[in-house]
Peer 1: 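Next up is a structure, given as structure tokens.
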Amino acid sequence: MANLILILGDQLSHRLSALEGADKDNDLVVMAEVHSEASYTNHHKKKLVFIFSAMRHFVDALEEDGWRVHYQRYHPDNPAQSIEQVIAELVRKYQPERVITTECGEWRLHEQISRWHKTLGIPVEIRPDTRFVCNIDEFARWADGKKQLRMEFFYREMRKKTGLLMTPEGQPEGGHWNFDADNRKKWTGKPPAPTPFREEPDTITTEVIELVNEHFSEHFGTTDDFHYAVTTEQARQALGHFIDFALPCFGDYQDAMSDNEDWLFHSILSPYLNTGLLDPMEVCEEAVRAWHAGRAPLNAVEGFVRQIIGWREFVRGIYWLLMPGYARENRLGNSCELPWFYWTGDTKMRCMHKAIDATARNAYAHHIQRLMITGNFALLAGVKSEAICDWYLAVYIDAFDWVELPNTLGMVMHADGGYLGSKPYAASGKYIQRMSDHCQNCHYRVQDATGDRACPFNSLYWHFIDRHREDFANNPRMTMMYRNWDKQKPERREALRARADWVLANIETL
Ligand code: FAD
Ligand code: DLZ
């Protein structure tokens, strides 16, 4: 045999670089469901179903296409329980010339694979992951010499590089790079939010659901009502569904939250993008086509494209630029344990309950819930970075280290000292009230900052500002917050501190 071609569970693309130029008659594609990948975090049960089912469907498609595939289905008694053990077994059995693979999405596994030439005595060729618009070296060149990295400037480079939403003269369509100012509307039920795309489980998915329920019953969440796409064809239908029904309002309600709607106008495409079922350029081009056809406004399409060729590429660049040290950053010195209600949703804070409950049911919460509800609370309470990062890695169907870590540690927790974001997204209950209808159904009173029923976000917000004066007082984007804090009467500041101390001491009871 010539080569082993290793394809990981988040590399399910027929155009994967590892497959380029391969010899279908002699090379062997290797894919494996293994305990080590299924258990490095407390993966949501729906994430396990999604990955295993998508892997199984992908193998069927490869075989139909004439590839020879070695596929290991999960069983707790399999002798090989890690990717490395699977490869080691096959190296012994077939003595291939080399292992070919595509850059993986996580430092942990990347380190292991990079050592296989020593540990397994086999040459390993790691090819660049061409599923991204910007490769790792290109990002490093862009970042070189910059003190702070700003997504907005990186995004403009990606717009120029891809030509997306650019005029023939090289100018941004509509005369602006960014239409975010138009994208901050509160949603009050109209227009109605579309029902999300649904794919009912087929035989393969049903089998996997049984497997996950049997062997991963202790994992977070539920397999009930699994309806995600598990093939490229289905994921393309999900993309079409988004373009037809949600994209037109995506921009307007991008920052909105609702007590009654889990998905609002979001695309729910991240699981497919992150596993290779969809290609980012294909997705953006489809959205731009909708704009050209007059089926979606520019603020929506630009906002959507920015998330994908801007934020998504930017966080990946930062991950590979700064790992492995990045994962250990905790610059705000946080020491609070993750409150248990992050796992149960059992809290009287309505917004937190709603975000965590949706997460447990769907393995999904939209960006603003992740950033401004569960993330904001962890930031204000000073939860340990490692603990909150591990939570985000576990609970979402789209969570992979390269994208989860910079979003959580950098964007939410500001634990990297502001490398990713120029200021922390700290916000009081007022923001949640402005962007949602949660507060009107909450046990706590959003208009109060002190007293037994005061919204915990309010006093925690001021506590955060107060305790991090040294970190932020000189940040020009935070000047106003310090001015507001300083101009409050000393008794008021004491009362806010006391309420926040109580909240922190009794966090499990909130
Ligand atoms: P939409 O709102 O429809 O956005 C369209 C696409 O843009 C998404 O599918 C996604 O691919 C991309 N995108 C949007 N925002 C970001 C972003 N900040 N970073 C990277 N890509 C982005 N996204 C993940 O894919 N995996 C994660 O593990 C993840 N963890 C997160 C953790 C925290 C604390 C926060 C604040 C954000 C995280 N995000 C993560 C980013 C974002 O919340 C999700 O990509 C988005 O909610 C996915 O839902 P959607 O497909 O409906 O997105
Ligand atoms: C997430 C995941 C899970 C749950 N299981 C597997 C698996 O059994 N086999 C596999 O090849 N990949 C799996 N994955 C995806 C990997 O964890 C992912 O490739 C790495 O974290 C790098 O992003």
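In what follows, every heavy atom counts, from backbone to side chain, and hydrogens, waters and symmetry copies are set aside. Each ligand, and each atom within it, is numbered from 1 in the order the structure gives.
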Peer 1: With only distance considered, is Leu269 within less than 3.5 Å of ligand 1 through an N or O on each side?
Peer 2: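 Leu269 vs ligand 1: N/O contact under 3.5 Å present.
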Peer 1: What about the rings of Phe457 and Tyr431, do their centers lie closer together than 6.0 Å?
Peer 2: no
Peer 1: Look at Arg198 together with Asp225 and state whether they make a salt bridge at an N to O cut-off of under 4.0 Å.
Peer 2: yes
Peer 1: Backbone, side chain, both or neither: what part of Trp402 comes under 4.0 angstrom of ligand 2, heavy atoms only?
Peer 2: neither
Peer 1: What about Asn274: any of its N or O atoms under 3.5 Å from an N or O on ligand 1?
Peer 2: yes
Peer 1: Identify, for atom 22 (C) of ligand 1, the protein heavy atom at the shortest distance, and state residue, atom and that distance.
Peer 2: Gln307 O, 3.8 Å
Peer 1: Taking atom 6 (C) of ligand 2 as the point of reference, which of His43, Glu37, Arg73 owns the nearest heavy atom?
Peer 2: Glu37
Peer 1: Would you kindly check if the NZ (Lys) or CZ (Arg) of Lys47 is within the cone defined by 45 degrees around the ring axis of Phe400 and under 6.0 Å from the six-membered ring centre?
Peer 2: yes
Peer 1: Have a look at ligand 2 and work out which part of Met55, if any, has a heavy atom under 4.0 Å from it: side chain, backbone, both or neither.
Peer 2: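 For Met55, only side-chain atoms sit under 4.0 Å from ligand 2.
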Peer 1: Please report the interatomic distance CD1(Ile397) to NZ(Lys45), rounded to the nearest 0.5 Å.
Peer 2: 14.0 Å
Peer 1: Quick check on Glu386: does its CD atom have over 12 non-hydrogen neighbours (other residues, nucleotides or ligands) under 6.0 Å away?
Peer 2: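 Not more than 12 within 6.0 Å, no.
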Peer 1: Where does Tyr74 meet ligand 2, judged by heavy-atom distances below 4.0 Å: at the side chain, the backbone, both, or neither?
Peer 2: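 Near ligand 2, Tyr74 shows nothing, with every heavy atom at 4.0 Å or more.
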